[in-house]
Amino acid sequence: MSNQTKYELYRQTYPKFVYQSFQYDVQPDGLHIVFDFSAGPDIQFQPTAFIPSRPFLRFDQPRDVLDTLVFNIGMIELISYWKCVCSPVVEVRCGQLNPDQVQFWKKIYFNGLGEFFYINGIEATIDNFLTIDCFGSTPILNDDLFTNLSSTNHLIPIGGGKDSVVTLEHLRQPGLRPVPLIMNPRGATVGCIQTAGYTLDEVLVIKRSIHPRLLELNAQGYLNGHTPFSAMLAFYTLLAAQLSGIPNIALSNESSANESTVVGTNVNHQYSKSLEFENDFRRYVASHISSRFNYYSFLRPLSELQIALLFSQHKQYFSVFRSCNVGSKQDIWCGNCPKCLFAYIILSPFIAPEILNAIFGKAMLDCIELRPYFLELTGKAPTKPFECVGTISEVHSALSLTLRRWYAHKRPALLEDYKPSDPTTSLTTLFPENNLAPSVLNILQQAIRTANEQ
């Protein structure tokens with residue numbers, strides 16, 4: 001059975017996906033959250049989340065505030081479960097959305113599932129794939145309920161890769177010590193915050209679990225695929241900001257995230273890291289939750305190449321950072337995926353080959369078996385890898401700089417027939433479209449100037 005046939009069959013069999021309820025409970029160990037979704041008597045989900053207590057967190061928040069923040073988290077959690085049957089109607093029984101909010105959610109679902117539809121060969125449009133009906137009530141909110149959001153500090157989500165390390169290192173200013181935020185701690189995320197001088201007790205932790213029924217359905221062949229993780233993280237960071245009293249949420253999404261994964265389409269693996277999503281999210285939050293939150297990406301003015309340049313100056317992280325999805329559970333670089341190859345390439349102009357080989361466990365530019373990924377990264381294939389990787393022009397700029405600096409004579413295997421060009425990605429120019437405050441932008445401008453002078 002084709003996935004298109006499954007899509008149509010499941011939509012007939014499960015015509016309604018219900019967001020039944022959300023519940024939360026403050027206990028001595030922290031805040032416990034449970035959501036209740038269903039597509040029928042045989043398909044029910046109760047995913048959970050937990051935020052452990054920390055001395056800097058206040059759980060005694062106004063009820064309407066917590067209701068709103070948790071309700072919205074449920075709306076983004078829903079997408080991971082809805083996609084297994086793709087019901088044509090989502091029925092929201094525990095909250096109310098006005099027409100503007102409905103359009104916001106439909107756009108997130110559709111664009112955030114662009115890769116899911118593309119990979120599964122499913123034909124759908126934003127007009128026909130989903131209707132959202134609401135039957136709940138809406139808390140009455142105003143900015144006076146968010147007066148605790150007064151700190152000038154930053155919350156910084158830490159993913160364990162080079163990007164969030166750069167954000168953390170450069171937002172540590174005199175008198176301010178940003179609070180790292182980690183979802184589901186693992187080796188690399190813990191290693192990075194410890195290298196930065198934090199203990200886990202100083203970090204805001206979110207423990208999110210997937211309901212096992214979803215994994216059962218995946219094993220049975222129900223529809224499955226990529227969902228917008230960064231959008232989900234965005235809504236969790238609002239709750240984290242409220243609990244900590246820190247309104248500034250600094251993401252580490254760069255300008256490269258705006259490029260489509262499939263050339264000539266809007267299919268973008270990194271849609272929820274794009275500036276388009278960031279701007280939509282900021283408008284939604286200011287209009288429907290509170291204007292006191294300040295969600296933005298600190299690295300938006302930079303290219304992946306500039307981020308790699310800045311990261312290369314922080315050698316203490318070389319042994320602990322990881323960006324490989326394949327090896328994430330083992331906390332390793334697998335050395336055999338497009339994400340590993342991209343990370344190797346983008347760092348290669350700035351880190352000596354012998355050090356880079358030690359980081360990744362092999363000389364990746366000599367791995368001829370990685371040629372298919374190399375062709376995708378350099379734009380010689382119909383699509384880029386469905387991974388968080390930089391633009392094609394950035395890859396070419398990195399390779400050209402690498403050849404000039406390290407391989408003036410004998411070339412690695414993957415570069416034997418490669419024709420270098422003049423780098424087109426600037427190491428000094430900043431991307432002008434961003435949401436950084438002038439004082440924060442000045443920090444980044446100074447960092448780039450200093451790095452290019454060394």
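Here the structure is a predicted model, which is why all the values come from computation and not from measurement. Side chains included, hydrogens not; waters and symmetry mates left out as well; all remaining heavy atoms used.
No option in Phe281, Phe293, Phe277 other than Phe281 meets the ring pair (Phe, Tyr, Trp, His ring centres under 6.0 Å) test with Phe235. Arg300 pairs in a salt bridge (Lys or Arg N to Asp or Glu O under 4.0 Å) with only one of the listed residues (Glu276, Glu278, Glu254), which is Glu278.
With hydrogens and angles ignored, the 3.5 Å screen pairs no side-chain donor or acceptor of Arg208 with any backbone N or O of Asn184. Put simply, the side chain of Thr195 gets close to the backbone of Gly191: a donor and an acceptor are under 3.5 Å apart. In terms of modelled atom types and a separation under 3.5 Å, the side chain of Arg11 and the main chain of Cys86 share a donor-acceptor contact. Using modelled atom types, one side-chain atom of Gln96 and one backbone atom of Gly136 make a donor-acceptor pair closer than 3.5 Å. Arg54 places no side-chain N or O within donor-acceptor distance of the main-chain N or O of Val205, the cut-off being under 3.5 Å. Between the side chain of Thr167 and the backbone N or O of Phe298 there is no donor-acceptor pair closer than 3.5 Å.
For Lys273, the side-chain hydrogen bond (donor to acceptor under 3.5 Å, both in side chains) criterion is met by no residue, not counting sequence neighbours. Shown here are the side-chain hydrogen bond (donor to acceptor under 3.5 Å, both in side chains) partners of Ser312, two or more places apart in sequence or in another chain: there are none. Taking Arg93 as the reference, Glu91 meet the salt bridge (charged side-chain N to carboxylate O under 4.0 Å, His left out) condition, with sequence neighbours excluded.
Checked against the 6.0 Å centroid criterion, the rings of Phe321 and Phe311 qualify as a close aromatic pair. Aromatic ring centres of Phe360 and Tyr344 lie closer together than 6.0 Å. You'll find the ring centres of Tyr81 and Phe35 outside the 6.0 Å limit.
A perpendicular orientation is assigned to the rings of Tyr7 and Phe117, their planes being inclined by more than 60° (bins at 30° and 60°).
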